[in-house]
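To start, the structure under review is shown below, and the notes come after it.
Just the heavy atoms: all of them, side chains too, but no hydrogens, waters or symmetry mates, feed the values below. All values derive from a computational prediction rather than experimental measurement.
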Amino acid sequence: SRAQADTALAHADWLGRHGVLTPGGVLARRGRLAQFPMISGKPGLSVVDFETRRIEPALLQPVVALHALTPALPLPRFDPLAKILPRLDDEAAALLQPAVAGALEVIDGFEHSNSVIHGDLHAGQLIVDTARLAWLLDLDDLSAGDPAADIGNFSAHLATRDKAGRMDPHASLSHWLQAALAAYGEAGGFFLGSNGAQAG
């Protein structure tokens with residue numbers, strides 16, 4: 001819809017003006033389409049080293065810039081179940097909802113729970129251009145929430161694509177989470193947990 005196109009363009013414009021490397025767009029086809037330029041480069045997933053299981057910190061620089069922002073435009077509160085529940089049957093959804101509700105109580109207590117977050121962050125949402133700058137794409141799920149949601153999703157995405165076969169899923173997720181936190185920290189990001197300890 002025109003309203004969705006206007007929102008997408010406004011988000012991209014606002015983020016660009018506040019230091020987040022994301023392509024700006026224009027209205028096309030007589031105001032019926034939000035059009036964004038193609039960024040020439042490599043998909044973020046292709047620059048993750050699966051042999052050493054290391055993430056280049058530069059890949060997360062636009063994410064760090066995003067998380068440094070406080071919402072100054074209307075954004076929905078992040079809902080971690082929004083994309084998951086529609087894919088589950090009723091029994092699985094009933095089991096998942098209480099667990100996530102408990103986690104959300106903890107997350108809501110974090111000091112940085114009102115940052116701007118991507119809402120669907122994974123390596124495929126990043127492009128590294130020929131100057132080795134990372135661009136953040138696909139702002140449809142931009143939300144107000146805790147940056148940990150983005151880093152968790154980013155880590156889980158890498159863990160499910162780790163084909164080395166030397167780790168069980170839990171160990172793989174734990175490793176990629178630590179790798180993501182290390183890269184995020186090297187890119188200038190940090191978290192303050194509920195106990196006040198700095199991480200990332």
For this session: For Asp6, check salt bridge (charged side-chain N to carboxylate O under 4.0 Å, His left out) against everything at least two apart and list the hits.
Result: Arg2

Seminar exercise, completed: side-chain contact (heavy atoms from CB on, under 4.5 Å) with His67: of Asp150, Asp146, Leu60, only one passes, and it is Asp150

Exercise. How far does NE2 of His122 sit from CG of Leu158, to the nearest 0.5 angstrom?
Worked result: 10.5 Å

For this session: Look at the side chain of Ser174 and the backbone N and O of His170, then say whether any donor-acceptor pair between them is shorter than 3.5 Å.
Result: no

Seminar exercise, completed: CG of Leu137 to CG of Asp120, rounded to nearest 0.5 Å, is 12.0 Å

For this session: Please list, chain by chain and in numerical order, all residues satisfying side chain to side chain donor-acceptor pair (under 3.5 Å) with Asp129, sequence neighbours excluded.
Result: Trp135

For this session: Name all residues meeting the side chain to side chain contact (heavy atoms under 4.5 Å, CB included) criterion together with Thr22; count only those two or more places apart in sequence or in a different chain, and write none if there are none.
Result: Leu15, Leu139

For this session: Kindly indicate, with the supporting measurements, whether the criterion side chain to side chain contact (heavy atoms under 4.5 Å, CB included) is fulfilled by Val26 and Leu9.
Result: CA-CA 7 Å; Val26 295; Leu9 293 172; 5.6 Å; no

Problem set entry | Atom pair CG/OG1 of Leu75 and Thr70 - distance to nearest 0.5 Å | 11.0 Å

For this session: Test Phe154 against His118 for ring pair (Phe, Tyr, Trp, His ring centres under 6.0 Å), laying out the working first.
Result: CA-CA 10 Å; Phe154 185 86; His118 186 276; over 10 Å; no

For this session: Report the residues that fulfil side chain to side chain donor-acceptor pair (under 3.5 Å) with Asn153, sequence neighbours left out, ordered by chain and then residue number.
Result: none

For this session: Taking only Lys NZ, Arg NE, NH1 and NH2, and the carboxylate oxygens of Asp or Glu, determine whether Arg54 and Glu186 approach each other closer than 4.0 Å.
Result: yes

For this session: Could you pull out all residues at least two apart from His11 that satisfy ring pair (Phe, Tyr, Trp, His ring centres under 6.0 Å)?
Result: none

Seminar exercise, completed: Residues at least two apart in sequence or cross-chain that pass side chain to side chain donor-acceptor pair (under 3.5 Å) with Ser1, listed by chain then number, are Gln4

Problem set entry | Test log, rule side chain to side chain contact (heavy atoms under 4.5 Å, CB included), inputs Asp138 and Phe36 | CA-CA 10 Å; Asp138 188 4; Phe36 295 88; over 6 Å; no

Problem set entry | Heavy-atom closest contact (Tyr184 atom, Phe190 atom, distance) | CE2-N, 3.5 Å

Exercise. Take atom CG in Asp49; do more than 12 heavy atoms of anything else shown fall under 6.0 Å from it?
Worked result: yes

Seminar exercise, completed: Between Ile117 and Ala149, the two heavy atoms sitting closest are CD1-CB, 4.1 Å

Problem set entry | Closest non-hydrogen atom pair, Pro57 against Ala183 | CB-O, 3.6 Å

